[in-house]
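For reference, the structure is listed below as structure tokens.
In what follows, chains are A, B, ... by sequence order, proteins preceding strands, each numbered from 1.
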Amino acid sequence: MADLHVSFAGIAFKNPVLTASGTFGFGREYGEYYDLSELGGVCVKGLTAAPRLGNPAPRIAETAMGMLNSVGLQNPGVDEFIRAELPFLRRYDTRVIANISGNTVSEYGEMAAKLSDAGVDIIEVNVSCPNVHAGGMQFGTDPRAVAEVTREVRRNSRVPVMIKLSPNVTDIAEIARAAEGAGADAVSLINTLLGMKIDVNTRKPVLANNTGGLSGAAVLPVAVKMVWQVRNAVSIPILGMGGIFTGEDAVEMLLAGADMVAVGTANFTYPDAPLRVRDGIAKYLDAKKIRSVTELSGAVEMH
Amino acid sequence: MPTQAIYTISDMRNLAEDVISMTFIAPEIARSAAAGQFIHIKCGHSRPLRRPISISDVSGDKLTVIFEVRGAGTRWLASRDIGRKVDILGPLGHGFGDTFSGGIIVVGGGIGAAPMLFAAKAAKRKAHSVTAVLGFRSQANVILTDEFDAVCDGLVTTTDDGTAGLRGNVSAPLEELLNTKKYGAVLACGPKPMLRAVAEMCAIHKIHCEISLEERMGCGVGACLVCACLMHNGERMSRVCKDGPVFDAKEVVWNG
Ligand SMILES: Cc1cc2nc3c(=O)[nH]c(=O)nc-3n(C[C@H](O)[C@H](O)[C@H](O)COP(=O)(O)OP(=O)(O)OC[C@H]3O[C@@H](n4cnc5c(N)ncnc54)[C@H](O)[C@@H]3O)c2cc1C
Ligand SMILES: Cc1cc2nc3c(=O)[nH]c(=O)nc-3n(C[C@H](O)[C@H](O)[C@H](O)COP(=O)(O)O)c2cc1C
Ligand code: FES
């Protein structure tokens with residue numbers, strides 16, 4: 001069988017399939033369905049310095065082959081994560097990626113310091129959450145702000161720093177270059193695309209927050225194109241995500257230039273979606289007689 | 001232990017206009033299901049989100065749900081036939097308690113009567129006396145009264161327009177029951193205003209009350225926090241899919 005091992009930002013992963021932040025909690029629930037050690041890694045729910053209750057309901061709306069969410073970073077706070085959740089995840093032989101969102105640049109730095117001391121494998125910096133007013137996407141759409149946050153996290157972290165990019169920008173390559181220039185060890189993309197759904201009977205948006213982030217199969221071509229754009233702009237590794245449901249979806253993302261992939265919305269449809277994706281990649285490699293998954297990365301042949 | 005698998009529809013019939021009873025041969029789910037739990041049903045390839053539907057009855061390897069056609073997903077489900085296969089995840093969620101002492105009242109409003117049949121049967125199996133109070137809009141919407149009649153020690157039906165049973169909602173007959181005797185618990189499912197009225201009445205009568213809540217869902221297993229609502233005096237969020245859908249009425253923040 002083909003070799004699924006990947007080295008990403010200097011960290012060894014047993015396979016290139018992770019779970020996308022915010023779709024997988026802290027692993028406990030899906031851990032009831034399969035052994036989390038089967039995963040390349042788990043990106044945990046977005047953490048903030050203080051606990052957050054998130055946005056009012058409804059927080060979800062189904063769209064054509066996709067969904068909008070407006071959860072708004074509900075989480076118990078970084079300290080509670082380190083106390084109550086990280087030890088649970090550490091019982092599994094899988095990588096743990098902590099996803100952080102700050103209200104200020106210094107908050108990003110403080111969280112990164114705590115989490116890197118607590119022993120996570122990578123810090124994923126969310127500068128792209130569309131569902132919070134302060135912080136989030138406001139940083140991720142301005143290359144200077146992205147550089148500033150990246151530098152601050154890099155300075156405070158002993159583990160690799162991965163910047164999660166927003167697709168809600170004119171030129172994602174410019175943002176990726178700003179992150180790389182400021183010392184980012186990797187980038188991940190895409191976060192959700194801003195969207196809105198209106199109930200034609202009530203004339204009101206379905207989401208109580210009015211707008212939300214689009215994810216799921218509908219966004220795959222957007223994500224593939226953006227990963228390809230970023231691959232051509234930077235040389236640091238890329239975690240590709242957005243709409244991956246099958247092994248072939250993941251292969252597309254890898255060919256476009258990703259080094260690993262994350263599975264998000266697909267978990268809601270199939271609790272074992274990441275394992276289906278992993279097995280689908282292996283099947284593809286075997287069928288094409290490709291020895292290592294690393295051979296796929298960026299191997300798209302453009303017209 | 002919940003499972004996700006493809007199960008066959010073994011029976012299907014209309015209980016009222018756009019209200020369908022659907023039975024699946026789903027041994028893994030049927031054997032571990034508890035009253036108040038739900039299943040998460042995939043409604044066609046083009047809809048990534050599963051639809052949560054409460055379990056209405058189990059019997060051996062069979063599991064029955066009763067659902068109303070509301071939108072595209074439930075319409076798709078209603079268009080299946082006996083012998084067709086459906087992708088189901090379940091059983092999910094935290095159901096009704098089963099350690100009460102004394103008589104139980106089950107209250108169901110509209111389609112909310114469906115899960116209360118399972119609750120009534122479960123309570124009966126624990127040798128409780130069970131009284132059902134069911135409320136519907138009109139005679140055309142009345143469902144399951146024969147099934148409740150067969151398991152319950154008492155049954156009161158109401159309709160808003162008085163075309164069947166007592167005229168009005170479930171409040172008056174419930175109040176009357178609570179005034180006559182000390183019950184062990186009131187268990188309820190239905191529209192939110194009804195649940196709130198039931199909860200307030202139980203609080204006054206100091207009767208333990210459990211209610212089943214509805215919220216739009218993503219994962220259905222507790223991971224995405226899409227279904228979270230404010231609970232416990234507004235101090236904490238609870239997930240309707242995992243911590244609920246059944247909650248102690250005292251924990252619910254009604255205008256949250
Ligand atoms: C725990 C639980 C148990 C339920 N049990 C039953 C039952 O036994 N019988 C029954 O008829 N209905 C039940 N419902 C409601 C049922 O889930 C919705 O009617 C159904 O999801 C509507 O889907 P749709 O595609 O037809 O409607 P659409 O309006 O097209 O659905 C669009 C999206 O909104 C969601 N949605 C719409 N209405 C609701 C709602 N009321 N609750 C939750 N999500 C909703 C859908 O799941 C879907 O994701 C239950 C809901 C919950 C949360
Ligand atoms: C319900 C939900 C919650 C999310 N929460 C977060 C979050 O807390 N932090 C974050 O960086 N991304 C979050 N995301 C974005 C995902 O990690 C991912 O970038 C996006 O959904 C695209 O992948 P997908 O189409 O496979 O879901 C969330 C997505 C969903 C659907
Ligand atoms: S639906 Fe995902 S946590 Fe409840």
Side-chain angles (χ1 to χ4, degrees), chain A residues 19-34 42 44-46 51-76 131 199 201 206-208 212 215-218 243 245 264-273 276, chain B residues 1-6 28 32 40-52 70-74 76 87-94 192 213-232 234-244 253 255-256:
Chain A
T19 59
S21 174
T23 64
F24 206 74
F26 301 118
R28 286 184 192 275
E29 295 77 19
Y30 287 110
E32 292 177 26
Y33 292 82
Y34 59 88
V42 172
V44 305
K45 174 64 195 170
R52 280 179 60 96
L53 294 177
N55 289 325
R59 292 171 164 191
I60 189 166
E62 193 177 55
T63 60
M65 295 305 272
M67 58 164 278
L68 293 166
N69 93 83
S70 58
V71 171
L73 293 179
Q74 180 187 330
N75 82 96
N131 294 324
D199 182 327
N201 294 315
V206 174
L207 298 175
S215 64
F245 271 64
T265 302
N267 289 295
F268 306 167
T269 312
Y270 299 108
D272 61 350
R276 293 177 185 224
Chain B
M1 178 63 210
T3 48
Q4 179 259 316
I6 313 283
E28 296 87 357
S32 62
H40 220 19
I41 307 179
K42 179 132 174 63
C43 294
H45 175 69
S46 63
R47 290 176 203 90
L49 298 181
R50 291 169 178 273
R51 274 33 178 188
R70 297 281 282 276
T74 45
W76 179 91
D87 183 336
I88 303 176
L89 169 63
L92 299 176
H94 164 85
K192 218 160 180 182
L213 291 183
E214 265 186 24
E215 196 51 76
R216 284 175 183 246
M217 289 183 183
C219 67
V221 306
C224 73
L225 306 183
V226 148
C227 67
C229 348
L230 210 51
M231 290 273 174
H232 312 278
E235 287 159 19
R236 263 199 293 133
M237 302 294 280
S238 289
R239 298 160 301 179
V240 170
C241 71
K242 182 83 173 177
D243 308 309
V253 179
N255 38 19

Go through the steps for B:Lys42 and A:Thr269 under the test side-chain contact (heavy atoms from CB on, under 4.5 Å), then give the verdict.
-> CA-CA 8 Å; B:Lys42 179 132 174 63; A:Thr269 312; 3.6 Å; yes

Chain B contact via [X] - side chain, backbone, both or neither, heavy atoms under 4.5 Å:
| X | answer |
| --- | --- |
| A:Tyr30 | side chain |
| A:Met65 | both |
| A:Tyr33 | both |

Crowding at CZ, B:Arg236 (>12 non-hydrogen neighbours, <6.0 Å) =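 Not more than 12 within 6.0 Å, no.
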
Among A:Asn75, A:Val71, A:Thr23, whose side-chain contact (heavy atoms from CB on, under 4.5 Å) with B:Leu225 holds?
-> A:Val71

Any side-chain heavy-atom pair of A:Arg28 and B:Lys242 under 4.5 Å | no

Would a 4.5 Å heavy-atom cut-off, applied to side chains only, mark A:Val206 and B:Arg216 as touching?
->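 In short, these two side chains touch, coming nearer than 4.5 Å.
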
Nearest 0.5 Å, what's the SG-CD1 distance between B:Cys224 and A:Ile60?
-> 6.0 Å

Between B:Cys229, B:Ala228, B:Cys227, which residue shows the highest count of heavy-atom pairs closer than 4.5 Å to chain A?
->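 Winner by heavy-atom pair count: B:Ala228.
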
What are the two closest heavy atoms between B:Glu215 and A:Pro58, and how far apart are they?
->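 Minimum heavy-atom separation between B:Glu215 and A:Pro58: OE2-CA, 4.3 Å.
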
Name all residues meeting the salt bridge (charged side-chain N to carboxylate O under 4.0 Å, His left out) criterion together with B:Arg50; count only those two or more places apart in sequence or in a different chain, and write none if there are none.
->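 With sequence neighbours excluded, B:Arg50 shows a salt bridge (charged side-chain N to carboxylate O under 4.0 Å, His left out) to B:Asp87, given in chain and number order.
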
For the candidates A:Pro56, A:Gly54, A:Gly66, A:Ala64, which exhibits the highest count of non-hydrogen atom pairs separated by less than 4.5 Å from chain B?
->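 Going by pairs under 4.5 Å, I would pick A:Gly66.
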
Proximal component of B:Leu92, with respect to chain A [non-hydrogen, under 4.5 Å] |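 It is the side chain, since no backbone atom gets that close.
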
Against chain A, label B:Leu89 side chain, backbone, both or neither, depending on which of its atoms sit under 4.5 Å from a heavy atom there.
-> side chain

Taken in chain and number order and not counting sequence neighbours, the residues that satisfy side chain to side chain contact (heavy atoms under 4.5 Å, CB included) with B:Arg51 are A:Glu62, B:Cys43, B:Arg47, B:Leu49

